[in-house]
Amino acid sequence: MDKAKRGFRYWQWRVIVCSMTGYAIFYFVRKNFSFAMPMLKEQFGITNTSFGIMLTLVGIVYGVSKFANGVLADRTNARWHLATGLAVCALVNYVFGFSDGLSRWITGTDSGPDFVNGIVIVMAVLLVINNIFQGCGFPPCNRLMVNWIPPKELATKMSVWNISHSIGAALASLVCGYLTSWRLCFWIPAAIASFGVVFIIATLRDTPSSVGLPELEGTRTSLDRDDSSAAYRRFVREKVLRNPVVWLISTMDFFVYVVRFAILDWGPTFLRDKGLSPELSGWTIAIFEIAGCVGMICAGWISDRVFRSKSQRVCVIEMGLVAICMLVLYLVQDSAGPVTVLLLLALAGFFLYGPQALACVVTANSCTKKAASSAAGIVGLVCYISPIFTGAGLGVFSDHFGWHFLFGLMSIAALAGSLAVIPLWNIKDDGYEH
């Protein structure tokens, strides 16, 4: 291997590992609010209804932000985009720790309903700001991946990168779980995020050319000849907005998130209603996530090595297998023991997280590195509509019909996701000029 190839390989893996680390740190200032909630409820009497409204608002804002930042990421420096987003999230989380003081200043009182409502309003505003800038996490990372990884390797390496989601969530939960003050649930993650900002600036670089290396071969587009604003808008209309690949993959990812959120949000309640202990219910959901991480890596490897980077074929097959797992769970749920339920959920997680990781791989290859983040923004916006159905929708459904039909509904959702991608089975490998 010559010096240039060694240099590129070094920088490629440096960008992958360091962007994984940077994105994982975003979770410290994203998932920490859930750990502060019980302490805020105990100290100030904030109701679950208030928390629920805030969390619903967060989901909507995050989905819209992911779309807006996806469009922005295609035209900005990923290193500074990522660092700026994390820096604002860190600052907002420092301010979170002074929410009671801000409420006291606004309301002129330090107790009573007005004071508590003031805290709720302050935190709701801070949560909105936080999640606007949380949307600066994935899109610039997506830009880094498509600029540093050739299309034929993207499924394998981006699937490895995608485990940063689970790593970040797990580490954030571990740290916040040991904190005994609601203020520390904001200030400690904010301190970690501040370190993350410095780490991102020091370690990441935007494109190969920014470190004196040639750009990826075989990734030329019309924008290499004309990169004007008008040309870029035409490119996005053609490659993203009018591209059926983007909309069909978005539809599939919507159903991926329907199944995923249904299991993560309602699984513990369902399992406890079936007689499992809280500890065993927790481990069952944790194993679902762990199996999903393994499934992501395997799905990427299979896409590149077995299906020659036609990741959409893996999505079709694995969503079909998720549908089968959910159908079997629906049929045996009344007679199956805990071990059987655990194994079937683990198998479902293994197959489900593959399509989740590959969704942006398919759109990135089709839309090219020049518009990959815009496409990822649309996918993110569509999939974050799913909490409307998995949250309030399943809650109302379960109140009227019980949990018996949960896995049956998830089987139908997974099958719908598989069917959505079948038209893409034989699409062109990528959207580049060859």
Side-chain angles (χ1 to χ4, degrees), residues 1 5 8-9 12-13 15-16 20 141-163 208 214-222 224 238-240 243-253 255-256 292-324 350-373 375-376 378-379 414-415 417-434:
M1 187 182 291
K5 287 185 177 179
F8 183 86
R9 186 68 65 182
Q12 183 189 69
W13 278 106
V15 167
I16 291 172
M20 286 178 69
C141 290
N142 188 64
R143 172 181 165 84
L144 288 169
M145 294 302 99
V146 297
N147 274 280
W148 282 97
I149 304 172
K152 294 296 183 183
E153 301 174 12
L154 190 59
T156 300
K157 291 177 179 175
M158 198 162 180
S159 294
V160 171
W161 183 91
N162 262 285
I163 67 173
E215 296 296 320
L216 294 172
E217 294 181 3
T219 59
R220 287 189 60 81
T221 71
S222 60
D224 291 307
E238 176 189 344
K239 290 289 187 180
V240 180
N243 189 345
V245 173
V246 174
W247 297 105
L248 290 172
I249 288 294
S250 296
T251 302
M252 179 207 72
D253 210 34
F255 288 112
V256 168
C293 289
V294 178
M296 279 192 281
I297 296 172
C298 291
W301 187 89
I302 291 169
S303 293
D304 284 337
R305 301 300 177 89
V306 178
F307 290 96
R308 298 182 180 180
S309 301
K310 291 187 179 293
S311 301
Q312 68 276 10
R313 296 184 178 181
V314 178
C315 292
V316 171
I317 294 168
E318 292 204 334
M319 287 302 287
L321 292 171
V322 173
I324 292 172
F350 178 88
F351 293 129
L352 182 67
Y353 279 60
Q356 179 189 327
L358 296 175
C360 287
V361 173
V362 178
T363 56
N365 283 337
S366 179
C367 300
T368 79
K369 65 182 183 181
K370 298 291 188 179
S373 293
I378 290 177
V379 174
L415 180 60
S418 179
L419 293 174
V421 194
I422 286 178
L424 305 180
W425 189 269
N426 287 318
I427 59 170
K428 184 183 174 185
D429 287 352
D430 58 60
Y432 294 103
E433 296 179 352
H434 295 290

Set out, in order, the CA-CA distance, both residues' side-chain angles and the distance that settles side chain to side chain contact (heavy atoms under 4.5 Å, CB included) for Leu352 and Met319, then state yes or no.
CA-CA 6 Å; Leu352 182 67; Met319 287 302 287; 4.1 Å; yes
Side chain to side chain contact (heavy atoms under 4.5 Å, CB included) between Thr219 and Thr368, worked out:
CA-CA 7 Å; Thr219 59; Thr368 79; over 6 Å; no
Stepwise, does the side chain to side chain contact (heavy atoms under 4.5 Å, CB included) test hold for Ser159 with Leu358?
CA-CA 7 Å; Ser159 294; Leu358 296 175; 3.9 Å; yes
I would like to know whether Val15 and Met145 meet side chain to side chain contact (heavy atoms under 4.5 Å, CB included); could you show each step before the answer?
CA-CA 8 Å; Val15 167; Met145 294 302 99; 4.2 Å; yes
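Partners of Trp161 according to the ring pair (Phe, Tyr, Trp, His ring centres under 6.0 Å) rule, which considers only residues two or more places apart in sequence or in another chain, are Tyr23, Phe138, His165. Checked against ring pair (Phe, Tyr, Trp, His ring centres under 6.0 Å), Tyr432 has no partners two or more places apart in sequence or in another chain. Contacts of Lys369 classified as salt bridge (charged side-chain N to carboxylate O under 4.0 Å, His left out), with partners at least two apart in sequence or in another chain: Glu215. With sequence neighbours left out, the side chain to side chain donor-acceptor pair (under 3.5 Å) criterion links Ser366 to Asn243. Residues meeting the salt bridge (charged side-chain N to carboxylate O under 4.0 Å, His left out) test with Glu238, sequence neighbours left out: none.
Val316 has its side chain out of reach of Met252: every pair of non-hydrogen atoms, C-beta onward, lies at least 4.5 Å apart. Side-chain contact between Glu318 and Cys298 is absent, with no heavy-atom pair separated by less than 4.5 Å. Proximity of Val361 to Ser303: side-chain heavy atoms (C-beta onward) are nowhere separated by under 4.5 Å. Contact check for Gln312 versus Phe307: no side-chain heavy atoms found under the 4.5 Å cut-off. With a 4.5 Å cut-off on side-chain heavy atoms, Val306 and Val314 do not count as touching. Residues Tyr353 and Val294 fail the side-chain proximity criterion, which asks for heavy atoms closer than 4.5 Å. Met158 is not listed as a side-chain neighbour of Val146, based on a closest heavy-atom distance of 4.5 Å or more.
Sequence neighbours left out, the pairs with a member in residues 141-152 that pass salt bridge (charged side-chain N to carboxylate O under 4.0 Å, His left out) are Arg143-Asp206, Lys152-Asp429.
Judged purely by atom type and a 3.5 angstrom limit, Thr156 uses its side chain to pair as donor or acceptor with the backbone of Gly300. A donor-acceptor pair under 3.5 Å is absent between the side-chain atoms of Lys157 and the main chain of Ile149, judged by distance alone. Checking side-chain atoms of Glu433 against main-chain N and O of Arg220 turns up no donor-acceptor pair under 3.5 Å.
Ser250 approaches Val246 most closely through the heavy-atom pair OG-O, 2.7 Å. Contact record, Gly354 with Ala299: CA-CB, 3.6 Å, taken as the closest heavy-atom pair. The minimum heavy-atom distance between Ser311 and Ala155, with the atom names listed, is OG-CB, 3.5 Å. Minimum heavy-atom separation, Leu154 to Ala364: CD2-CB, 3.9 Å. The two atoms that bring Ser309 and Asp304 nearest to each other are OG-OD1, 2.9 Å, heavy atoms only.
One finds the CG atom of Leu415 at 9.5 Å from the CZ atom of Phe255 (value rounded to the nearest 0.5 Å). Note: Cys293 SG to Asn162 CG = 9.5 Å, rounded to the nearest 0.5 Å. The distance from atom OG1 of Thr363 to atom NZ of Lys239, rounded to the nearest 0.5 Å, is 13.0 Å. In this structure, CG in Leu419 is found 11.5 Å from CG in Leu248, a value given to the nearest 0.5 Å.
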